[in-house]
Amino acid sequence: MENNGDALLSVLQLKNLYFEKINFTRDTNLPKKFQTKFSTQFNEISTSEIVVKLHCNITSDTKFMLDITLVGCFKNNETDPTNKEQINKTNTISIMFPYLRSEVSLVTAQPNFPTIDLPVVNINALLEEQGELVGSRA
């Protein structure tokens, strides 16, 4: 946190957030089981700007498929390189994940179809447990 007079400001600021891709396919058969995969991509634009892509792919035992990519543009003013990398890796995803969850629910909320509600996820715990969401650097 930075102290700007009387106000505390976060070193991480969300500048822009948008859905780059939303593909949804289904037929009349109701899926019984869903498989969900997440991946991330981090692209440092400058020393203080990073673009993060959070990708979600949901498939099932039927002709159902939902493929979403959410892009977040962030400014990170952290000066310590270790802290900066940790913030870029976990905090950006923690900020973006609720928006992804909401979009999945909105897209799948259709007549005669089960709405998919992704569970609330503790990103830090998930990263500690799995090492990281499948990710790459651009």
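Positions are given from 1 along the sequence. Just so it is clear, the structure is predicted and the values come from calculations on it, not from any experiment.
- Nearest heavy-atom pair, Gly72 versus Met96, reported as atom, atom and distance to 0.1 Å: N-CE, 3.5 Å.
- More than 12 heavy atoms of other residues, nucleotides or ligands lie within 6.0 Å of CZ in Phe34, so this atom counts as buried by the packing criterion.
- Distance check, rounded to the nearest 0.5 Å: NZ of Lys84 to CG of Asn77 gives 7.5 Å.
- If you take CG on Asp27 and CE on Met65, they are separated by 12.0 Å, rounding to the nearest 0.5 Å.
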Inset, instruction - Any chance you could lay out the side-chain contact (heavy atoms from CB on, under 4.5 Å) test for Glu20 and Leu70, step after step, and finish with the verdict? - result: CA-CA 6 Å; Glu20 181 180 74; Leu70 176 60; over 6 Å; no

Legend entry - From CA spacing to verdict: side-chain contact (heavy atoms from CB on, under 4.5 Å), Val11, Ile87: CA-CA 9 Å; Val11 294; Ile87 289 168; 3.7 Å; yes

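- Nearest heavy-atom pair across Pro31 and Thr62 is CG-OG1, 3.6 Å.
- In terms of hydrophobic clustering, with Ile, Leu, Val, Met, Phe, Trp and Tyr side chains grouped at heavy-atom distances under 4.5 Å, Val51 and Ile68 are assigned to different clusters.
- A heavy-atom distance below 4.5 Å is found between the side chains of Leu66 and Thr108.
- For the atom pair Cys56 SG and Glu103 CD, the distance stands at 11.0 Å (nearest 0.5 Å).
- When each of Asn57, Leu100, Ile93 is tested with Phe38 by the rule side chain to side chain contact (heavy atoms under 4.5 Å, CB included), just one qualifies, namely Leu100.
- By the criterion of side-chain heavy atoms lying less than 4.5 angstrom apart, applied directly or through intervening Ile, Leu, Val, Met, Phe, Trp or Tyr residues, Phe42 is grouped together with Tyr99 in one hydrophobic cluster.
- Ile50 is listed as a side-chain neighbour of Val52, based on a closest heavy-atom distance under 4.5 Å.
- Ser102 places no side-chain N or O within 3.5 Å of a backbone atom of Pro98 that could act as its donor or acceptor partner.
- Taking CD of Gln86 as the start and CG of Asp80 as the end, the distance is 11.0 Å to the nearest 0.5 Å.
- Of the N and O atoms on the side chains of Gln13 and Lys15, at least one donor lies less than 3.5 Å from an acceptor on the other residue.
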Inset, instruction - Check step by step if side-chain contact (heavy atoms from CB on, under 4.5 Å) holds for Phe19 and Thr69. - result: CA-CA 6 Å; Phe19 289 94; Thr69 302; over 6 Å; no

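- In this model, a donor atom of one side chain and an acceptor atom of the other lie less than 3.5 Å apart for Asp117 and Ser105.
- Expressed to the nearest 0.5 Å, how far CG of Asp61 lies from NZ of Lys32 amounts to 6.5 Å.
- The two residues Val107 and Gln110 have their closest heavy-atom pair at O-NE2, 3.3 Å.
- Considering only heavy atoms from C-beta on, Leu54 stays 4.5 Å or farther from Gln41 through its side chain.
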Inset, instruction - Evaluate side-chain contact (heavy atoms from CB on, under 4.5 Å) for Leu12 paired with Glu78, printing each intermediate quantity in order. - result: CA-CA 8 Å; Leu12 182 67; Glu78 176 61 55; over 6 Å; no

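- For Lys63, the NZ atom is loosely surrounded, since the number of other residues' heavy atoms within 6.0 Å does not exceed 12.
- Distance check: Thr36 OG1 to Ile116 CD1 gives 7.0 Å after rounding to the nearest 0.5 Å.
- The hydrophobic clustering, which links ILVMFWY residues whose side-chain heavy atoms are closer than 4.5 Å, places Ile95 and Ile45 apart.
- Without hydrogens or angle criteria, Arg101 side chain to Leu118 main chain gives a donor-acceptor distance under 3.5 Å.
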